[in-house]
Amino acid sequence: MGIAHKHNIKVIEDASHAHGGLYKGQKIGTIGDIGAMSMMAGKGLAIGEGGMIVTNNRELYERCIAFAHYERTGVETKFNTPDNQITFKYLKKYSGLPLGAMKGRINQTCSAMGRVQLKYFQQRIEEIQAAMNYFWDQMVDVPGIRPHRISPSTNYTMGAWYYPQALFNSEELNNIECSKFAEAIRAEGISWCFPGGNEPLHLHPFFHTADIFNTGKPTSISFGQRDVRQGVGTLKNSENIKKYSLAIPWFKHFEKKQIDAYIHAFKKVIGNIDLLES
């Protein structure tokens with residue numbers, strides 16, 4: 001933030017999955033000049049579909065409102081006559097770039113649900129944190145997996161623990177593959193357990209083959225002086241994440257009896273690891 005402000009650059013904070021968390025005691029989403037958060041059905045603050053922005057900068061707020069309006073894409077419209085004046089030619093002449101992008105507007109029902117849920121979100125976060133920390137407290141001395149969490153004694157928190165992960169060490173479990181271990185966990189009735197998380201972003205076709213401006217070659221190399229694409233093998237830790245990262249159950253309620261059943265399943269598989277083929 002210091003570097004950005006020194007050069008008069010605004011910082012957009014992507015808090016998509018981390019809303020409710022603390023960084024050095026400060027709420028995620030309030031660190032940048034403007035923060036953006038996703039609240040689709042699977043997120044920590046789930047409202048069905050939608051998101052929100054957070055800012056205390058009036059100008060940025062007004063610009064967000066402008067971007068959010070329908071038909072502000074520089075394309076002629078029959079629905080709003082004044083917008084016909086806002087063409088790509090006009091915008092490029094006066095602003096250098098077209099205003100607008102794809103817009104999926106949140107519906108009123110989801111907005112209403114979100115406003116109500118905000119009243120109880122901190123309470124919900126505290127219960128999620130209690131439940132997840134209880135799970136890991138019981139698993140501390142179990143070989144093969146380690147908690148991916150922040151110490152409760154710090155002024156950091158995991159927020160709503162969206163998409164919780166475990167660190168997997170196959171060497172402590174007869175070199176069993178993470179995928180094989182997850183399969184055994186699922187066989188115990190725990191459906192939410194699988195290797196890794198999202199696919200490595202640097203390998204996404206968007207960065208390698210997408211020709212957004214129809215120049216005849218990938219946009220990522222259309223306007224630069226060198227090829228900055230990151231291919232297979234360039235970021236090995238990211239590419240190997242499925243070997244040492246494991247998605248684990250996400251407990252949203254501190255129901256000790258149910259969590260204990262999950263703990264028992266993990267300990268059962270780990271205790272019988274010799275029965276699994278490596």
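Hydrogens, waters and symmetry mates are skipped; everything else that's a heavy atom, side chains included, is used.
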Test of understanding: clusters of I, L, V, M, F, W, Y form through side-chain heavy atoms closer than 4.5 Å, transitively. Do [X] and [Y] belong to the same one?
X	Y	answer
Ile150	Trp136	yes
Leu22	Met132	no
Trp161	Met40	no
Phe135	Trp192	yes
Ile241	Phe207	no

Close side-chain approach of [X] to [Y], heavy-atom, < 4.5 Å:
X	Y	result
Lys242	Ser179	no
Val142	Phe266	no
Ile273	Ile176	yes
Glu13	Ile28	yes
Leu173	Ser170	no
Glu239	Leu203	yes
His5	Lys10	no
Met158	His148	yes

For [Y], is there any backbone N or O sitting under 3.5 Å from a side-chain donor or acceptor partner on [X]?
X	Y	value
Glu62	Arg58	no
Thr55	Leu60	no
Asn169	Ile145	no
Trp250	Ala160	yes
His17	Ser38	no
Ser245	Leu167	no
Asn272	Leu275	no
Tyr244	Cys178	no
Gln129	Gly159	yes

Under a 4.0 Å N-O cut-off, is there an ion pair linking [X] with [Y]?
X	Y	result
Arg146	Glu172	yes
Glu188	Lys267	no
Asp137	Arg149	yes

Quick check for you: to the nearest 0.5 Å, what is the distance between [X] atom [atom1] and [Y] atom [atom2]?
X	Y	atom1	atom2	result
Leu246	Ile185	CG	CD1	7.5 Å
Arg229	Thr209	CZ	OG1	8.5 Å
Cys193	Tyr262	SG	OH	11.0 Å
Ile263	Lys268	CD1	NZ	15.5 Å
Ile31	Gln26	CD1	CD	5.0 Å
Ser111	Met39	OG	CE	8.5 Å

Describe, in one word, how the ring planes of [X] and [Y] are oriented to each other, choosing from parallel (under 30°), tilted (30 to 60°) and perpendicular (over 60°).
X	Y	result
Phe168	Phe181	tilted
His19	Phe121	perpendicular
Tyr134	Phe254	tilted
Phe194	Tyr163	perpendicular

> Which heavy-atom pair separates Thr157 from Gly21 by the least distance, and what is that distance?
Replying inline: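 Heavy atoms only, the tightest pair is OG1-CA, 3.5 Å.
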> What pair of heavy atoms forms the shortest contact from Val11 to Ala4, and how long is it?
Replying inline: CG2-CB, 3.4 Å
Taking atom [atom1] of [X] as the centre, does the number of heavy atoms from other residues, nucleotides or ligands within less than 6.0 Å exceed 12?
X	atom1	answer
Lys27	NZ	yes
Gln122	CD	yes
Phe223	CZ	yes
Tyr23	OH	no
Ile3	CD1	no
Lys252	NZ	yes
Ile12	CD1	no

Could you list the donor-acceptor pairs under 3.5 angstrom formed between side-chain atoms of residues 46-54 and any protein atom two or more places apart in sequence or on another chain?
none

>> Apply side chain to side chain contact (heavy atoms under 4.5 Å, CB included) to residues Arg124 and Leu45 and explain how you reach the verdict.
In response: CA-CA 9 Å; Arg124 184 177 303 164; Leu45 179 61; 4.2 Å; yes
> What residue among Gln258, Lys256, Lys257 forms side chain to side chain donor-acceptor pair (under 3.5 Å) with Asp260?
Replying inline: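 One option only clears the test, and that one is Lys256.
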> Can you list the steps and then say if Glu199 with His204 is a side chain to side chain contact (heavy atoms under 4.5 Å, CB included)?
Replying inline: CA-CA 8 Å; Glu199 297 298 320; His204 196 286; over 6 Å; no
>> Does Met1 form a side chain to side chain contact (heavy atoms under 4.5 Å, CB included) with Asp33? I'd like the steps, not just the answer.
In response: CA-CA 9 Å; Met1 292 301 297; Asp33 295 291; 3.9 Å; yes
